[in-house]
Protein chains: 2
Amino acid sequence: MTPASAETCATALHADLGWALGTVFRAYLKASDAVVADLPGGHRGYQILTTAARAVPATQLSIAQHLGVDRTVMTYLLDDLAGAGLIERRADPADRRARHIVATDQGRSALADLSRRLGEVEEHVLVCLDADERTALRGLLRRLALHADARDPVADPCQLVADTAAPTRPTPRRRGRAR
Amino acid sequence: MTPASAETCATALHADLGWALGTVFRAYLKASDAVVADLPGGHRGYQILTTAARAVPATQLSIAQHLGVDRTVMTYLLDDLAGAGLIERRADPADRRARHIVATDQGRSALADLSRRLGEVEEHVLVCLDADERTALRGLLRRLALHADARDPVADPCQLVADTAAPTRPTPRRRGRAR
DNA sequence: TATTGTTATACTCTATAACTATA
DNA sequence: TATAGTTATAGAGTATAACAATA
């Protein structure tokens, strides 16, 4: 076991927002895995269920987009949730191509239980922050998420990095056999 | 196009820390994709490079653990980074099983360029927050990430959800053919 | 015997393409 | 013609298992 481990690596990356986001996100997923383990679709199943329990029904496509899921994957996820009796697909009277996703009574009661337990997990993930800091973080993340959700196109970053003078070489992203 | 879209769905999920984290993380990945597109390993390649550029060298395994990557995947990632001339594997004099990962000169100059451009992307992702809020968010996320990084085992959540009275049914997590 | 790193393989997950039905 | 949803399939990504070298 080399001495160069935890805090060394951490300090190296502490300025990287991407690393912090990824690490916290992974920690959340890991901490909440047990709660959603028996739910079809896991974490995404829970988020679908949350959307489906709302008063105003959303279509498969709109849910997929706002959850960052491909629409073909959404089909499978909904198949499983419907198979478990948690959601239903209903024809959109205004557009017979689309389906409204609504939670069943069973889905709502499952959601209530899951929400309570995930709330506990969230607090546990934030355990090293005090009450004010937790509120602040939740608020900031929520604003960022809503902002990102609103303007999905993400046009600007393309301009930001328009001067893409390849920093290394145009490696085709896939591993090479060499050693 | 149904009226139930963006803000409807968003309000439904705004209380969910997991959704916010995932959405912001995806937004970051999307915004920074172009910057790391030509770097072997993409985002993870960048984080490995950051670690490799530090004064105190880290081993493959320690990097893998702190980046949430399987050690077998780390081998491939390092193969590509080494193939591009950005990092080197050096024998750990204290333990000849382990390899120290160090950045080459080329790797350091590539890292400098990438860091600058990723910094711009980060600011762009945080564009809807003012300066104080950005600092606050970075600080809070950093503390959470360091905390999660320090105690990887994540023992507590298992106790938190010890009373796992399956909320739905023990679905084997995989999709069923039924419709 | 346990651990680091490597390799091959099997597996999971995702996305592409093609199709149906609506608009 | 374009869009919502479905399906099959190919492809990317991941992890398991087995191995070699070292502790």
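Here is the naming used below: chain letters follow the sequence lines, and residue numbers restart at 1 for every chain. Given the structure is predicted, the values throughout are model-derived calculations rather than measurements. Keep in mind that the numbers below use all heavy atoms, side chains included, and drop hydrogens, waters and symmetry copies.
- The separation between R44(A) atom CZ and dT12(C) atom C1' is 12 Å, rounded to whole Å.
- For the pair L29(B) CG and dG13(D) P, the computed distance is 13 Å after rounding to whole Å.
- Residue T75(A) has no polar side-chain atom (N or O) positioned under 4.0 Å from OP1 or OP2 of dG5(D).
- Within the structure, every side-chain polar atom (N or O) of R90(A) is placed at least 4.0 Å from both OP1 and OP2 of dG5(D).
- The distance between atom CE of M74(A) and atom P of dC13(C), rounded to the nearest whole Å, is 15 Å.
- Look at CG on D79(A): it is 11 Å from P on dA8(D), rounded to the nearest Å.
- Partners of R134(A) by salt bridge (Lys or Arg N to Asp or Glu O under 4.0 Å), not counting sequence neighbours, listed by chain and number: E123(A).
- Applying the side-chain hydrogen bond (donor to acceptor under 3.5 Å, both in side chains) rule to S115(B) yields the partners Y46(B); only residues at least two apart in sequence or on another chain are considered.
- Residues passing the side-chain hydrogen bond (donor to acceptor under 3.5 Å, both in side chains) test with T104(A), sequence neighbours excluded: none.
- Toward the 5' end of DNA chain C, the nearer of the two residues L61(B) and D70(A), judged by each one's closest nucleotide, is L61(B).
- Distance check: D70(B) CG to Q65(B) CD gives 10.5 Å after rounding to the nearest 0.5 Å.
- D80(A) places its CG atom 12 Å from the P atom of dT7(D), with the value rounded to the nearest Å.
- Residues satisfying the side-chain hydrogen bond (donor to acceptor under 3.5 Å, both in side chains) test with R71(B), not counting sequence neighbours, are none.
- Between the side chains of H43(B) and S32(B), at least one donor N or O sits under 3.5 Å from an acceptor N or O.
- Rounded to an integer number of Å, the gap from CD of Q60(B) to C1' of dT6(C) is 9 Å.
- For Y76(B), whose side chain is taken as the heavy atoms from C-beta onward, the closest listed nucleotide among dT6(C), dA8(C), dT7(D) is dA8(C).
- What separates CZ of R89(B) from P of dA21(D) is a distance of 17 Å, to the nearest Å.
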Open item on the list: Strictly under 4.0 angstrom, non-hydrogen atoms only: write out the protein contact profile of nucleotides 18-23 of chain C, one letter per nucleotide from the 5' end, B, S or -.
Closed with: ---BBS
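- The CG atom of L78(B) sits 13 Å away from the C1' atom of dT4(C) (whole-angstrom rounding).
- With sequence neighbours left out, E133(B) forms a side-chain hydrogen bond (donor to acceptor under 3.5 Å, both in side chains) with R143(A).
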